[in-house]
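Worksheet: the structure to be examined is printed underneath.
A quick note: this is a predicted structure, and the numbers were derived from the prediction, not measured.
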Amino acid sequence: MIVVAEDHEDIRYVLKRSLERAGHRVVAAADGAAALAAIREHRPDLVVTDVDMPFMTGLDLCRAIRADDDLRHIPVVVASGSLLPGDGRAEDAGASATLLKPFVPAQLLALIAKLLPA
């Protein structure tokens, strides 16, 4: 299962549909705080998060996951249009990988395949 945190409804929909078509179960959240609650409830295999979101940014979400002994093992993909190539903030927050927007779903699926055990 994958938790997707994305505040833009259209992008959230595309991500959810793309991941579901690839065979993943998905829980989508519209902000970082809702995503953290979903992560604590569902214990997903992976998290995909935007950076700029209300209530809790994706970087803060990543830090919260890494600070929690029960969650810190979960890979986190930061997918953002606000980060520039070479920006180390996602890595500093504990992200497993960064995907810069715009990207096509195949790029995200390839990245997830690398991060999830077969």
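Under the salt bridge (charged side-chain N to carboxylate O under 4.0 Å, His left out) criterion, D87 pairs with R89, sequence neighbours left out. The salt bridge (charged side-chain N to carboxylate O under 4.0 Å, His left out) check on R43 picks up nothing, with sequence neighbours excluded. Partners of S96 according to the side chain to side chain donor-acceptor pair (under 3.5 Å) rule, which considers only residues two or more places apart in sequence or in another chain, are R66. Remark: D10 pairs with no residue by the side chain to side chain donor-acceptor pair (under 3.5 Å) rule, at least two apart or across chains. Annotation: salt bridge (charged side-chain N to carboxylate O under 4.0 Å, His left out) contacts of R25 (sequence neighbours excluded): none. Qualifying side chain to side chain donor-acceptor pair (under 3.5 Å) partners for E20, counting only residues two or more places apart in sequence or in other chains: K16. A search for salt bridge (charged side-chain N to carboxylate O under 4.0 Å, His left out) contacts involving D70 returns nothing, not counting sequence neighbours.
If you chain together hydrophobic residues whose side chains sit under 4.5 Å apart, L61 and V27 fall into the same group. A continuous path of hydrophobic side-chain contacts links L15 to V26 [ILVMFWY only; heavy atoms under 4.5 Å]. Cluster annotation: V4 and V14 are assigned to distinct hydrophobic clusters (Ile/Leu/Val/Met/Phe/Trp/Tyr, side-chain heavy-atom contacts under 4.5 Å, transitive). The cluster map of Ile, Leu, Val, Met, Phe, Trp and Tyr, joined by side-chain heavy atoms under 4.5 Å apart, puts I74 and I2 in different clusters. The hydrophobic cluster containing L19 also contains L115, counting ILVMFWY residues as joined when their side-chain heavy atoms lie under 4.5 angstrom apart, directly or transitively.
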Give the table of side-chain donor-acceptor pairs shorter than 3.5 Å for residues 46-58, with sequence neighbours excluded, one pair per line with atom names and distance.
from, atom 1, to, atom 2, distance (Å)
D50, OD1, K101, NZ, 3.3
D52, OD2, S82, OG, 3.1
T57, OG1, L59, N, 3.4
T57, OG1, D60, N, 3.0
T57, OG1, D60, OD2, 3.4

Please tabulate, for side-chain N and O atoms in residues 102-114, each donor-acceptor pair with protein atoms closer than 3.5 Å (sequence neighbours left out).
from, atom 1, to, atom 2, distance (Å)
Q107, OE1, V104, N, 2.7

Pairs of donor and acceptor atoms involving the side chains of residues 31-42, under 3.5 Å and at least two apart or interchain, shall be tabulated with distances.
from, atom 1, to, atom 2, distance (Å)
D31, OD1, A33, N, 3.0
D31, OD1, A34, N, 2.8

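Summarising the geometry of C62 relative to A93, their closest heavy-atom pair is SG-O, 3.4 Å, with the distance given to 0.1 Å. Closest approach of A95 to V78, counting heavy atoms only: CB-CG2, 3.6 Å.
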